Amino acid sequence: MPSTPHPLVTRAQRLARELLVPNAERVDQQEVPASHIAAVKRSGLLGVSAPEEYGGADAPVTVARESAEILAGACCSTWFVQTQHHTPVKLLATYDSPVRARLLRPLATGELLAGIAYAHVRAFPRVPVRAAADRGGWRFEGKVPWYTGWGLNDVMLLAGVTDTAEVVFVVVGAREQPGMRPSAPMRLAALSAARTVSLELDGLWAPQESVVLRASQEEFALVDLPRAANTSPAVFGVAAAALDLVARAREGDEPARSLRARLDQVRREAYALADHPVPHETVPERLAVKTRAYDVMRAATTAAIVAGGGRSMALDSRAQRLAREGMFLLVQGQTADARRAHLGALASG
């Protein structure tokens, strides 16, 4: 860790301390308020990895990871809404398209917030959302099972698969419109506050100039598989927040110290693998470390519940909230490979 934190890390810490942590239990039982998102937009954190020429910070990946850990440990629901934003920003920064000229600056500066609707592409050869060329643009049919940030996001990155197994990514407005209808907000065991819906697509049309990227399903999987195998910084953020609770409890200092040492070790390994220059060569190793990180997070959140005693059963208990958020992170972005690796580790452990 550098002796002087990056300004964005300092802003994340202030945002967590002054806004997110004091309101986290209330938000958990209600929904992420627009005022939280406005504060995230003002902080500059939405442009942490965006190019400087478009108004972003172009900060090192270590800054992006530490900022994510801080936000997730403070209020995982708010973290989850804003974390969707960074994928469209990275895609627009990587691939030249008409959308880049139009949207990358307002996304990088936090003027606009983006969501994502493409995880369903991982279900291939099943195709929940189909894309077809139509009237000089693209028509989308099917169902997006999960879309987070409805009512908070300004735009969304949507993907569908064509009959020739090509993945088409477009940016469209994140609002009800002809051909796109949201469900009621989902009530979930954790992160209901993140305003997650499903989206029925019935002929949603996007013009050609909204296309960000077209790639074969094989090309998509080659990039997506190792990325999905990485451990989310949120795992370390939630675990660290739980250990802070343990350390403050009677007889909790030594257990917290022991678990923190394990957390620091698996964190170093996970990030080293994430930085490997040839990502697809280390997928099994990434998955193995990911399952170990889950083990430590589960131990940390369980320790927070134990340290809190009967108070942990109250809905406004911070320990309980962190435990439920940890449960959510076990399946967030889960792929078939990750599920097999995790179940195998649990069976052999």
Side-chain angles (χ1 to χ4, degrees), residues 1-6 9-29 62-63 65-80 189-191 231-274 288-330 332 342 345-346 349:
M1 293 291 295
S3 56
T4 303
H6 189 280
V9 172
T10 301
R11 290 180 209 169
Q13 291 169 333
R14 184 185 309 120
L15 187 65
R17 180 178 63 252
E18 297 179 358
L19 178 66
L20 302 186
V21 170
N23 293 286
E25 278 67 58
R26 177 182 59 80
V27 168
D28 176 62
Q29 295 301 310
T62 52
V63 172
R65 288 169 179 159
E66 187 176 358
S67 300
E69 290 176 10
I70 292 166
L71 296 184
C75 176
C76 203
S77 293
T78 301
W79 163 80
F80 192 49
L191 275 71
T231 308
S232 168
V235 169
F236 304 118
V238 167
L243 292 179
D244 287 343
L245 292 182
V246 176
R248 294 197 293 267
R250 180 184 299 178
E251 301 176 346
D253 187 61
E254 181 53 38
R257 186 162 42 245
S258 175
L259 284 167
R260 204 177 297 278
R262 289 172 56 191
L263 183 67
D264 290 344
Q265 176 61 35
V266 74
R267 180 180 183 269
R268 285 192 294 270
E269 293 179 34
Y271 288 160
L273 286 167
V289 170
K290 189 175 190 175
T291 60
R292 286 175 48 215
Y294 285 156
D295 286 344
V296 179
M297 178 184 66
R298 191 171 60 249
T301 56
T302 300
I305 291 286
V306 172
R311 296 184 303 276
S312 299
M313 292 301 98
L315 285 177
D316 61 355
S317 160
R318 182 155 298 171
Q320 185 205 102
R321 172 177 59 80
L322 290 167
R324 287 187 288 106
E325 290 171 348
M327 178 180 67
F328 168 84
L329 292 173
L330 295 179
Q332 185 252 326
H342 196 179
L346 290 170

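Since the model is a prediction, treat every value here as computed from it, not as a measurement.
Residues meeting the side-chain hydrogen bond (donor to acceptor under 3.5 Å, both in side chains) test with D316, sequence neighbours left out: none. Every residue was checked against the side-chain hydrogen bond (donor to acceptor under 3.5 Å, both in side chains) condition with R17, not counting sequence neighbours, and none meets it. In this structure, the side-chain contact (heavy atoms from CB on, under 4.5 Å) partners of D244, at least two apart in sequence or on a different chain, are R248, R260. With sequence neighbours excluded, the residues that form a side-chain contact (heavy atoms from CB on, under 4.5 Å) with E18 are R14. With sequence neighbours excluded, the residues forming a salt bridge (charged side-chain N to carboxylate O under 4.0 Å, His left out) with E254 are R257, listed by chain and number. The side-chain contact (heavy atoms from CB on, under 4.5 Å) check on E269 picks up Q265, V289, R292, with sequence neighbours excluded. Residues that satisfy the side-chain contact (heavy atoms from CB on, under 4.5 Å) test with A190, not counting sequence neighbours, are R324, F328.
With a 4.5 Å cut-off on side-chain heavy atoms, R65 and F236 do not count as touching. A heavy-atom distance below 4.5 Å is not found between the side chains of V266 and R262. The closest side-chain heavy-atom distance from L15 to L20 is below 4.5 Å.
Side-chain atoms of Q320 never come within 3.5 Å of backbone atoms of I305 as a donor-acceptor pair (strictly under, hydrogens ignored). Formation of a donor-acceptor pair under 3.5 Å by the D28 side chain with backbone atoms of A24 is not found in this model. When atom types are taken as modelled, the side chain of Y294 and the backbone of L329 share a donor-acceptor pair closer than 3.5 angstrom. The closest donor-acceptor contact from the side chain of T301 to the backbone of A323 lies at 3.5 Å or more, if one exists at all.
A salt bridge (charged side-chain N to carboxylate O under 4.0 Å, His left out) check over residues 295-315, counting only residues at least two apart or in different chains, returns the pairs D295-R298. Contacts classified as ring-ring contact (aromatic ring centres under 6.0 Å, His included) and involving residues 240-259 (residues at least two apart or in different chains) are not found.
The heavy-atom pair separating G252 from P255 by the smallest distance is O-CD, 3.3 Å. Taking each heavy atom of V246 and A300 in turn, the nearest pair found is CG2-O, 4.2 Å. Of all heavy-atom pairs spanning A16 and P22, the tightest one is O-CD, 3.8 Å. Considering all non-hydrogen atoms of both residues, L259 and A303 come closest at CD1-CB, 4.1 Å. Among all heavy-atom pairs drawn from A270 and T231, the shortest one is CB-OG1, 3.8 Å.
M327 CE to L191 CG: the interatomic distance, rounded to the nearest 0.5 Å, is 9.5 Å.
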Would L263 and M297 count as a side chain to side chain contact (heavy atoms under 4.5 Å, CB included) if you check the C-alpha gap in whole Å, the side-chain angles of each, and the deciding distance to 0.1 Å? CA-CA 8 Å; L263 183 67; M297 178 184 66; 5.9 Å; no

Could you go through residues 67-79 and list every donor-acceptor pair under 3.5 Å that involves a side-chain atom there, pairing it with any protein atom two or more places apart or in another chain?
{"from": "S67", "atom 1": "OG", "to": "V63", "atom 2": "O", "distance (Å)": "2.8"}
{"from": "E69", "atom 1": "OE1", "to": "R267", "atom 2": "NE", "distance (Å)": "3.4"}
{"from": "E69", "atom 1": "OE1", "to": "R267", "atom 2": "NH2", "distance (Å)": "3.3"}
{"from": "E69", "atom 1": "OE2", "to": "R267", "atom 2": "NE", "distance (Å)": "2.8"}
{"from": "E69", "atom 1": "OE2", "to": "R267", "atom 2": "NH2", "distance (Å)": "3.1"}
{"from": "E69", "atom 1": "OE2", "to": "Y271", "atom 2": "OH", "distance (Å)": "2.6"}

